[in-house]
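Take a look at the structure below.
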Amino acid sequence: SEKREKQFSMEIKNIVGNIALVPFKKGEQLTLTRITEPNMRTGLAPQIAPGKRAITLAIDEVSSVGKLIKPGDRVDLIAIVDVKTGQNTSADNRVAKTILQDTVVLAVGRYITNNVARKVERDPNTDKQKTIALTNFDGYSSITVEVDPQQALMLAAITSGTSNKLIFTLRNNDDADRANLSSARASDLFLQDNRAPAGGQR
């Protein structure tokens, strides 16, 4: 009916140009409570919990689980730091330590959870526009995580060292367990006790 078409047209006008507050799945119902108009409250800042900070860390293919990390994922961060001090001239100075566990990923590159869920760019070969789904986008070189201010200081100190490195490990979003992990060196693998079990048998 004409009345229904007019109502539908008004509903579409309420949606067009808005930003999704949360990701939508294909075929999922769109509700006005899950979208918002672009304004000073959209973007990354509203997603940061009060008392927390967003800090961006450089990554590469290997340090970021093959760039399979997406906004909303939870990660652990391993720092590999050169701890050479004083008379310690051993080649085995690099220590790996898990410094953060169950840390929220706020963004990868400039892709955040309330972005428009696609990127439109021009194909240089055909001069036509092509659409890239950001859920499959891996053209980023940084990851932004949510930390407390003290952790932000620690990460700033670690990343300022030219020989230091951060490695992200991806965890299941339902796994919030935090383990008490010790630090490790590559040589630890060869220093483990390989004695024969009780009874003298191997």
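Below, each value reflects all heavy atoms present in this structure, side chains not excepted, and no hydrogens, waters or symmetry copies. Bear in mind the structure is a predicted one, so any value in this text is a computation, not a measurement.
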Closest heavy-atom pair and its distance - [X], [Y]:
X	Y	answer
Ala54	Ile48	CB-CD1, 3.6 Å
Met154	Leu100	CE-CD2, 4.2 Å
Pro149	Gly51	CD-O, 3.4 Å
Ile59	Ser64	CD1-OG, 3.6 Å
Leu170	Ile69	CD1-CG1, 4.3 Å

Do [X] and [Y] come close enough that some side-chain heavy atom pair is under 4.5 Å?
X	Y	value
Thr103	Phe168	no
Leu57	Ile143	no
Ile55	Val145	yes

Item to check | Results of side-chain contact (heavy atoms from CB on, under 4.5 Å) for Ala79 - residues two or more places apart only | outcome: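 With sequence neighbours excluded, Ala79 shows a side-chain contact (heavy atoms from CB on, under 4.5 Å) to Val81, Ile99, Ile158, Leu166, given in chain and number order.
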
Next on the checklist: Between Tyr111 and Val65, is there shared hydrophobic-cluster membership here, with clusters defined by ILVMFWY side-chain heavy atoms closer than 4.5 Å?
Outcome noted: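 Shared cluster, yes.
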
Checklist entry - Are Val95 and Ile78 co-members of a hydrophobic cluster defined by side-chain heavy atoms under 4.5 Å apart? => result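 No, because Ile78 and Val95 fall into different hydrophobic clusters, even though each may have its own neighbours under 4.5 Å.
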
Mind checking the [atom1]-[atom2] spacing from [X] to [Y]? Nearest 0.5 Å is all I need.
X	Y	atom1	atom2	answer
Leu77	Ile167	CG	CD1	10.0 Å
Ser142	Arg110	OG	CZ	9.0 Å
Asp82	Asn164	CG	CG	7.0 Å
Arg94	Ser183	CZ	OG	13.5 Å

Checklist entry - By side-chain hydrogen bond (donor to acceptor under 3.5 Å, both in side chains), which residues pair with Asp102, not counting sequence neighbours? => result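 Counting only residues at least two positions away or on another chain, Asp102 forms a side-chain hydrogen bond (donor to acceptor under 3.5 Å, both in side chains) with Arg74.
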
Next on the checklist: According to side-chain hydrogen bond (donor to acceptor under 3.5 Å, both in side chains), who are the partners of Thr56, at least two apart in sequence or on a separate chain?
Outcome noted: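 Residues passing side-chain hydrogen bond (donor to acceptor under 3.5 Å, both in side chains) with Thr56: Thr144.
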
Checklist entry - Any side-chain hydrogen bond (donor to acceptor under 3.5 Å, both in side chains) pairs touching residues 146-161, not counting sequence neighbours? => result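 For residues 146-161, and leaving out neighbouring residues, there are no side-chain hydrogen bond (donor to acceptor under 3.5 Å, both in side chains) pairs at all.
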
Item to check | salt bridge (Lys or Arg N to Asp or Glu O under 4.0 Å) involving Asp76 - partner list, sequence neighbours excluded | outcome: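 With sequence neighbours excluded, Asp76 shows a salt bridge (Lys or Arg N to Asp or Glu O under 4.0 Å) to Arg171, given in chain and number order.
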
Next on the checklist: I'd like to check the salt bridge (Lys or Arg N to Asp or Glu O under 4.0 Å) partners of Lys165; sequence neighbours left out, ordered by chain and number.
Outcome noted: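 By the salt bridge (Lys or Arg N to Asp or Glu O under 4.0 Å) rule, Lys165 matches Asp60.
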
